[in-house]
Q: 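Attaching a single structure in C-alpha cells format; questions to follow.
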Amino acid sequence: PARRDGLPPELLAGAQAYFDGRYEDALRQLERAGEARARAAAQLALFRAAAYHARFRAGGQKDEGLRRRAAEAVAACRRADPSLSPDPAAFSPAFMAFFRSAS
C-alpha cells in the first residue's frame, strides 16, 4: 500500500538501496512496487533505469541485457512523466548522459 504522500514504500527502500550502492537490492525493492500512479511510476522507472545502468557499468559494460533493461526503464519513465529528469546532484554524469541518449 502507498503511504499518505502517495509514494510506494518500495520506491523509498529502492532509492535508499540504490544510493547505498546495493543495486540488486534496489531492483528487488523497485520491482515489488508493482503499478504506481503518474509521478511515482516515473520515479520507480527512473531508479530502475539507474540501477540497471549501474550494474551494466559495474560489469564492464558487457551485459547488453542490462543496458537494454536500463533503456526500457528510461522509456517507461518518459511515458509516465515526460517532464521528469534525473537530478545531476543525485545521479552520475554517465547515467545523466545515458538517460538523455536512451530512446
Q: When you measure from the side chain of Asp81 to the backbone N and O of Ser83, does any donor-acceptor pair fall under 3.5 Å?
A: yes
Q: Which salt bridge (charged side-chain N to carboxylate O under 4.0 Å, His left out) pairs, counting each pair once, include a residue from residues 52-61, with sequence neighbours left out?
A: Glu24-Arg55
Q: Would you name the heavy atoms of Ala71 and Phe98 that are closest together and state the gap between them?
A: N-CZ, 3.6 Å
Q: Rounded to the nearest 0.5 Å, what's the gap from CZ on Arg48 to CD on Gln43? Could you check?
A: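 One finds 12.0 Å between CZ of Arg48 and CD of Gln43.
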Q: List the atom of Gly14, the atom of Ala26, and the distance in Å for their closest heavy-atom pair.
A: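 It is O-CB, 3.4 Å.
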Q: Take Arg67 and Glu64 through the salt bridge (Lys or Arg N to Asp or Glu O under 4.0 Å) test and state the conclusion after the steps.
A: CA-CA 5 Å; Arg67 192 208 58 77; Glu64 195 56 32; 2.4 Å; yes
Q: Under 4.5 Å between side-chain heavy atoms, hopping through other hydrophobics if needed: is there a path connecting Phe99 to Phe19?
A: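 Both belong to a single hydrophobic cluster.
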Q: Between atom CG of Leu66 and atom OH of Tyr23, what is the distance when rounded to the nearest 0.5 Å?
A: 13.0 Å
Q: Ignoring hydrogens, what is the shortest heavy-atom contact between Phe95 and Leu46? Give both atom names and the distance.
A: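 Heavy-atom minimum between the residues: CE2-CD1, 3.8 Å.
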Q: Can you list every pair that meets salt bridge (charged side-chain N to carboxylate O under 4.0 Å, His left out) and has a residue in residues 83-95, with sequence neighbours left out?
A: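 Not a single pair qualifies under salt bridge (charged side-chain N to carboxylate O under 4.0 Å, His left out).
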Q: Ala54 and Tyr18: which non-hydrogen atoms are nearest, and at how many Å?
A: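 Heavy atoms of Ala54 and Tyr18 come nearest at CB-CE1, 4.4 Å.
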Q: Let me confirm one number: the CG-CG distance from Leu44 to Leu30, rounded to the nearest 0.5 Å.
A: 6.0 Å
Q: Could you grab the distance from atom CE of Met96 to atom OG of Ser85, nearest 0.5 Å is fine?
A: 5.0 Å
Q: Between Arg32 (side chain) and Glu10 (backbone), is there a donor-acceptor pair under 3.5 Å?
A: no
Q: Testing the basics here: between His53 and Ala70, what is the closest heavy-atom pair and its distance to 0.1 Å?
A: N-CB, 3.8 Å
Q: Write down the atom of Cys77, the atom of Ala42, and the distance for their closest heavy-atom approach.
A: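 Cys77 and Ala42 have their closest heavy atoms at SG-O, 3.4 Å.
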Q: Once rounded to the nearest 0.5 Å, what's the spacing between atom CG of Asp63 and atom CZ of Arg68?
A: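 Answer rounded to 0.5 Å: 9.0 Å.
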Q: Quick one: sort the Phe91 and Phe47 rings into parallel, tilted or perpendicular, breaks at 30° and 60°.
A: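 Judged by the thresholds at 30° and 60°, the geometry between Phe91 and Phe47 is tilted.
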